[in-house]
Asker: 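Take a look at this one; I'll ask things after.
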Amino acid sequence: MINVDKIREDFPILKRTVHGKPLVYFDNAATSQTPQAVIDTIVDYYSNYNSNIHRGVHTLSQEATDKYEEARIKVQKHFNAKEAYEIILTAGTTHSINIVAAGFTSLIKKGDEVIVSALEHHSNIVPWQMMCEKTGAILKVIPMFEDGSLDMDTYHALVNEKTKLVFCNHVSNALGTLNPIEEIIKKAHEFNAAVMVDGAQATPHIKPDVQALDADFYVASAHKLCGPTGVGLLYGKEEWLQKLPPYQGGGEMIATVSFKKTTYAGLPHKFEAGTPNICGGIAFGAGLDYMNAVGFDNIAKYEHELLTYGTAELLKIEGLKIYGTTTKKTAVISFNVGEIHPYDIGAILDKLGIAVRTGHHCAQPIMDFYQIPGTVRASFSFYNTKEEIDILVSGVKRAVRMLS
Ligand SMILES: *Cc1c(COP(=O)(O)O)cnc(C)c1O
């Protein structure tokens, strides 16, 4: 059970006002808010043991190294990776995807096929298009249906012996659709194709088990998990991380360097060139600790209540249309009202203290599918309340009255 009043006490930002109104924060799919425990972790790092890791003989460096490696183990346990060195700490989802896409550029040949879903964030489209341009690989797309779900029959028909890689999000950030990634992975593996799952939008709601899913790569960002910006993970199965070449050269990723030949460090350091976001990594661990203490079963149950309530209340508004209507979805409501531009609704809601996202949500192909410029997206978290949804609904009604 979620005690939402108690949880809200943990988030200082939820006490602030915007344009004189209490903040109603419904932009959780873009970034989550930060609990005091994570803020304290960041302050503690810079106040007490800020230091570079892995190379220092002195106490501060050792303390920072220990905490950083502890954070890696927290991430490993959270995602149930087999080994801690299968967790690469990166700058976030986009960075993680680019590491994998750049690595595959040297493993993929002309005429090989790679498959992407129609529901992807631009982060999970553009790096692969760049890879295809360089290699001559062919990009195929799993189409979507009107309700925002994937056309799995077509997916099954697309996979064949030429397929080398499939990349798909676990949950769509624009619509909230929960994709059948178990089925996607199983099918790809029948043809020995690797699968990279973009978990940026699933991880705030679901605790994924990368071994049970049998994902080859799984990526996510700390800032959607109550952690700081600029840090995330790339999970890769050991055999794949061994096969991929390093992404960047620099300090930390080498074993030995001479002008004749440099040899690379083992995992995970091979992919962690340069001084990482040390404080961010440690705070990433603190964010996971916080969410696990709340409990992902509790989070899923509570957010589902918010989704059901919010959907029913918003649909009472005349002319309001929700995009992404499959029953398998997380607490994201993407909508438009009549012909009103989503930006105009968003701007009025902001004046009322309500933070929503408007636009294409970095998923233009989805907007093209629906032939709309964008949507208003309200995305809920476990610290939101039904009262806040009521404020949103009356805010939308007011915006509609003003704009029509
Ligand atoms: C947020 C998001 C991304 C991008 O994450 P960054 O932290 O900006 O790198 C990619 N894919 C999905 C599904 C997302 O929700």
Side-chain angles (χ1 to χ4, degrees), residues 25-34 38 75 79 88-102 116-130 141-142 144 148-150 166-181 184 195-206 208 213 215 217-235 247 271 276-277 280-281 283-284 287-288 303 323-324 328-334 355-367 374-375 377-381:
Y25 186 75
F26 282 154
D27 195 17
N28 295 287
T31 201
S32 54
Q33 291 305 342
T34 318
V38 173
V75 177
F79 288 88
I88 315 298
L89 292 169
T90 67
T93 301
T94 303
H95 181 208
S96 300
I97 295 171
N98 276 282
I99 293 175
V100 181
V116 62
S117 98
L119 292 175
E120 299 311 306
H121 189 285
H122 296 163
S123 281
N124 204 21
I125 301 174
V126 184
W128 302 109
Q129 286 176 322
M130 289 159 66
V141 183
I142 315 169
M144 61 183 279
S149 65
L150 289 176
V166 179
F167 33 102
C168 182
N169 60 36
H170 196 167
V171 165
S172 152
N173 66 301
L175 306 178
T177 311
L178 175 63
N179 291 314
I181 56 164
I184 288 172
V195 180
M196 197 218 71
V197 182
D198 172 356
Q201 206 56 234
T203 44
H205 316 286
I206 296 166
L213 290 171
F217 300 96
Y218 196 101
V219 301
S221 295
H223 71 90
K224 294 180 182 174
L225 294 165
C226 295
T229 55
V231 64
L233 87 142
L234 160 58
Y235 158 79
Y247 177 59
F271 294 103
N277 183 351
F284 182 7
L288 291 179
E303 288 180 346
Y323 300 90
K328 292 200 179 74
K329 65 180 276 193
T330 57
V332 170
I333 305 180
S334 234
V356 293
R357 175 90 14 163
T358 63
H360 55 60
H361 317 297
C362 298
Q364 275 179 2
I366 300 180
M367 303 303 136
T375 68
R377 182 186 70 185
S379 50
F380 308 139
S381 182

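Atoms within each ligand, like the ligands themselves, are counted from 1 in listed order.
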Asker: With His95, which residues qualify under ring pair (Phe, Tyr, Trp, His ring centres under 6.0 Å), at least two apart?
Answerer: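 For His95, the residues satisfying ring pair (Phe, Tyr, Trp, His ring centres under 6.0 Å) (neighbours in sequence not counted) are Tyr247.
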
Asker: Below 4.5 Å, heavy atoms only, C-beta onward: do Val171 and Lys329 meet side chain to side chain?
Answerer: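 No, side chains not in contact.
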
Asker: Judging by distance only, is a nitrogen or oxygen of Asp198 under 3.5 angstrom from one on ligand 1?
Answerer: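 Min N/O separation from ligand 1 is below 3.5 Å for Asp198.
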
Asker: Does any N or O in the side chain of His361 come within less than 3.5 Å of the main-chain N or O of Ala363, such that one atom is a donor and the other an acceptor?
Answerer: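 A pair under 3.5 Å: no.
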
Asker: Closest non-hydrogen protein atom to atom 8 (O) of ligand 1, residue and atom name please, with distance?
Answerer: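 So the nearest neighbour among protein heavy atoms is Thr94 OG1, 3.8 Å.
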
Asker: Under 4.0 Å from a heavy atom of Ser221: give me the atoms of ligand 1 that qualify, with their elements.
Answerer: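 The atoms of ligand 1 under 4.0 Å from a heavy atom of Ser221 are 5 (O), 6 (P), 7 (O), 9 (O).
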
Asker: If you measure every N/O of Gln201 against every N/O of ligand 1, is any gap under 3.5 Å?
Answerer: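 Among all N and O atoms of Gln201, at least one is under 3.5 Å from an N or O of ligand 1.
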
Asker: For the pair Ser117 (side chain) and Ile142 (backbone), establish whether a donor and an acceptor sit closer than 3.5 Å, ignoring hydrogens and angles.
Answerer: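 Not at all, since once roles are kept as given, no pair shorter than 3.5 Å links the two residues.
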
Asker: In ligand 1, which numbered atoms sit nearer than 4.0 Å to a non-hydrogen atom of His223?
Answerer: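 Heavy-atom distances to His223 below 4.0 Å select 6 (P), 7 (O).
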
Asker: Compute whether any side-chain donor of one residue and acceptor of the other, for Thr177 and Ser149, lie under 3.5 angstrom apart.
Answerer: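 Not at all, the side chains of Thr177 and Ser149 share no donor-acceptor pair under 3.5 Å.
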
Asker: Is there a nitrogen or oxygen of His95 sitting under 3.5 Å from a nitrogen or oxygen of ligand 1?
Answerer: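 In this structure, His95 places no N or O atom under 3.5 Å from an N or O of ligand 1.
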
Asker: What's the shortest distance from atom 14 (C) of ligand 1 to any protein heavy atom, and which residue and atom give it?
Answerer: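 Here the closest protein heavy atom is Lys224 NZ, 3.0 Å.
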
Asker: Quick check on the 6.0 Å ring-centre criterion: do Phe217 and Tyr235 meet it?
Answerer: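 Between Tyr235 and Phe217, which both carry aromatic rings, the centre distance is not below 6.0 Å.
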
Asker: Can you tell me the protein heavy atom closest to atom 5 (O) of ligand 1 and the distance?
Answerer: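 The protein heavy atom lying closest is Thr93 CB, 3.5 Å.
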
